[in-house]
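Chain identifiers are assigned alphabetically (A, B, ...) following the order of the sequence lines, protein sequences preceding nucleic acid strands; residue numbering begins at 1 within each chain. Since the model is a prediction, treat every value here as computed from it, not as a measurement.
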Amino acid sequence: MTSLLNIRRRRVDELAETAEGGTSLTVDALRRMARNPVAIIGAVIVAVFVLLALFAPWIAPEDPYTPFQVLKDQLRADSIPGPQPGFPLGSDEFGRDFLSRLIVGAQQSLVVGVMATLIGLAVGMVIGGLAGALGGWVDTLLMRLTDIMLSVPSLLLAISIAALARHPSQWTVIIAVAMVSVPIFARLLRGSMLAQRASDHVLAATALGVRRRTIVFRHMLPNSVGPVIVQATLTLATSIIDAAALSFLGLGDPDPARAEWGLMLGNAQRYLDVRPELAFYPAVAIIVVALGFTLLGESMREALDPKNRR
Amino acid sequence: MLRFVVRRLLQAVPTLLVLSILLFAWLRSLPGGPATAMLGDKATPAKIAQLNQVLGLDQPIYLQYLRFLRRVLTGDFGNSLVSGDPVVEEIGRAFPATIELSVVALIIAVGLGIPLGYLAARYRGRMLDNVTVVGTLVGVAVPVFFLGYLLKYVFANTLGWFPPSGRQAVDIDATHVTGFFVLDGMMTGEWDAAWDALVHLVLPGLALATIPLAVIVRITRASVLDVVNEDYVRTANAKGLAPGTIRGRHVLRNALLPVSTTIGLQTGLLLAGAVLTEKVFNWGGLGSLLAEGIDRKDYPRLQALILLAAFVYVVVNLLVDISYAIIDPRVRVR
């Protein structure tokens with residue numbers, strides 16, 4: 001009797017996996033993305049950015065942290081040296097190689113974006129997962145909490161968190177930006193897990209007496225993470241922009257040596273009349289990367305949407 | 001209808017209450033505690049002890065919270081560390097500037113966003129649609145403050161079409177009644193002052209409007225595309241209604257429901273964006289107060305501003321929900 005039940009259980013598990021798409025949906029979505037030029041552009045931008053970030057120390061032509069005497073000699077109160085042999089983009093406000101700082105900045109921006117997103121994702125998934133899996137008063141309590149977090153405009157929430165820090169650093173920015181995305185991830189995961197709970201394959205698994213833990217981890221979670229992954233890709237873009245905004249407001253790392261796009265953009269505002277390029281290049285870098293992640297995320301959303309299945 | 005409004009009002013109360021608890025906790029966990037935070041860096045131990053007593057920090061925690069709540073409800077947020085004036089007065093002075101800027105930005109965003117989103121959906125897949133979609137994606141990716149600088153650099157510093165900063169030229173002798181400069185000029189008949197204030201609003205208004213504009217265009221487009229495929233639109237088509245009637249009455253009206261919710265959510269973006277925009281354009285509104293407050297670690301001011309922002313956000317979304325219920329009777333049932 002028990003062995004028969006076990007076999008049936010296993011069969012339902014297998015059926016549940018293949019029926020709701022599992023790999024086939026993913027493969028399907030990937031195939032659709034490969035046909036979509038928007039997805040390809042996004043993927044290429046993201047790939048270039050990640051490669052640049054990973055190999056930044058080897059790609060950067062000069063040392064991004066030490067000022068060069070040649071450049072320092074040309075620094076005046078009303079002029080910062082522009083492009084010249086050896087320094088294709090000229091100097092920054094301290095006589096350091098601007099191009100090298102931009103390249104190394106990719107690394108720092110990737111770290112900030114990815115860490116902020118991962119922390120937000122992890123905390124949000126725990127909250128949303130608990131709410132979606134347990135339901136009842138836990139769900140009500142956790143969702144009220146996210147409502148309250150959502151009731152403070154996101155940048156202001158980040159500002160109030162960042163203002164708590166005794167010593168502002170890169171981590172203050174990362175955590176402040178991460179907290180903003182927590183309620184969004186939590187609501188998303190909970191929403192799609194609730195939809196799973198009502199679905200037939202979960203009902204079938206429950207009817208067969210599969211343990212709740214197995215149902216949650218094998219049937220509900222894997223089928224619920226799609227929208228969350230899409231959101232995470234989009235959050236990478238907003239995280240980088242929000243981090244830049246915090247730096248601009250003076251809540252970021254006060255260390256002027258750090259090469260990070262948001263910080264560079266924030267610092268460059270003081271030299272806007274002298275050399276607008278100092279603001280322009282980091283800003284364009286942020287825009288392009290944010291656009292890359294947005295394009296990738298949007299086309300992922302489109303590809304995963306069953307309405308668009310052809 | 002009334003029951004819906006009352007229920008929705010009651011739902012907002014616990015949100016604001018828990019928010020006040022969080023804010024209280026926030027104030028308590030500030031570096032050096034609230035007394036140091038309120039007195040600033042120059043606080044002597046004696047002064048801190050004195051203020052601790054005045055603030056009742058030697059009392060049990062729930063009494064402290066009740067006191068805090070009473071002070072918040074009576075609008076007593078203490079004095080600003082920067083100006084020395086009561087924070088409430090400072091906010092009262094800066095409030096009209098931010099509201100004026102936000103209203104202009106919202107008018108730009110809604111006025112351009114809904115027609116653009118609708119046209120993009122109507123001509124789906126054509127040039128206009130593609131350009132609009134790409135534009136919205138870029139619009140969301142541009143940091144607001146950089147856009148502000150770009151507008152300022154091109155249209156004010158280089159071309160000289162618009163003033164680079166401030167709300168009104170200094171040499172204009174304008175009477176200020178309400179603090180809304182355009183309105184003031186119109187009320188007192190000083191048309192040159194009203195015009196000057198309006199010209200000053202263009203660049204910051206555009207900078208602030210970008211992100212809400214991009215969001216509204218996208219939601220309108222998506223929502224119109226959804227509605228077009230509804231059965232009732234097919235029915236309307238089948239019974240031979242004029243295309244104009246279908247577009248206006250069946251498509252647009254139903255498509256605008258989700259858009260109205262989005263507009264409510266945009267107030268949050270506007271408040272946050274105002275902080276950045278005002279700093280760029282030296283606007284002198286709430287955002288400038290906040291930016292300066294961060295710089296100078298003016299916690300009494302920050303505390304009041306954060307609570308105000310949350311309050312405005314909650315109230316605006318409450319109003320949107322209620323108006324939604326008026327437009328769409330289905331909402332009331334749930």
Side-chain angles (χ1 to χ4, degrees), chain A residues 38 41-42 144-145 147-168 180 234 237-238 240-251 261-262 265-266 268-269 272-273 276 279-280 282-284 286-295 297-298 307, chain B residues 11-12 14-19 21-23 26 29-32 37 133-134 136-138 140-147 149-150 152-153 157 211 218 226 265 267-276 279-280 290-291 293-295 297 299 302-303 305-307 309-314 317:
Chain A
V38 174
I41 296 173
R144 282 284 150 278
L145 192 77
D147 277 350
I148 289 156
M149 286 177 84
L150 284 171
S151 80
V152 183
S154 61
L155 185 67
L156 292 183
L157 183 63
I159 288 172
S160 19
I161 295 170
L164 283 180
R166 249 158 261 254
H167 306 288
V180 170
L234 298 173
T238 51
I240 293 175
I241 297 174
D242 282 354
L246 288 182
S247 294
F248 169 75
L249 286 172
L251 285 167
W261 292 341
L265 181 52
Q269 50 176 307
L272 210 65
D273 296 325
F280 189 70
V284 169
I286 291 175
I287 294 169
V288 170
V289 168
L291 194 63
F293 280 116
T294 311
L295 291 179
E298 290 291 341
K307 267 193 274 179
Chain B
Q11 273 174 6
T15 309
L16 284 173
L17 262 181
V18 178
L19 198 69
I21 295 178
L22 288 180
L23 198 66
W26 179 78
S29 51
L30 282 173
V133 170
V134 173
T136 59
L137 290 174
V138 178
V140 179
V142 179
V144 178
F145 55 97
F146 174 68
L147 188 77
Y149 274 127
L150 203 64
K152 193 164 137 173
Y153 187 73
N157 298 357
I211 293 183
R218 289 182 50 188
D226 265 0
L265 293 172
T267 47
L269 270 183
L270 283 176
L271 286 170
V275 181
L276 303 167
K279 189 169 178 188
V280 174
L290 187 75
I294 294 169
D295 257 6
K297 301 233 179 304
Y299 290 111
L302 291 182
Q303 172 204 2
L305 283 171
I306 290 166
L307 195 68
F311 183 73
V312 169
Y313 195 50
V314 169
N317 280 299

Answer with side chain, backbone, both or neither: which region of [X] has an atom nearer than 4.5 Å to a non-hydrogen atom of chain B?
X	answer
A/Ile240	neither
A/Phe293	neither
A/Ala245	both

**Message:** Return the CG to CD1 distance between B/Leu147 and B/Ile211, rounded to the nearest 0.5 Å.
**Reply:** 8.5 Å
**Asked** Which of the residues A/Leu265, A/Thr294, A/Leu295, A/Ile286 is involved in the greatest number of heavy-atom pairs with chain B at under 4.5 angstrom?
**Response**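 Greatest number of close heavy-atom pairs with chain B: A/Leu265.
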Which heavy atom of [X] sits nearest a heavy atom of [Y], and at what distance?
X	Y	result
B/Ala141	A/Ala290	CB-CB, 3.8 Å
B/Val280	B/Lys152	O-NZ, 2.9 Å
B/Phe145	A/Ala244	CZ-O, 3.7 Å

**Close side-chain approach of B/Leu290 to B/Lys279, heavy-atom, < 4.5 Å** = no
**Complete:** Under 4.5 Å to a heavy atom of chain A? For B/Leu276 that would be both
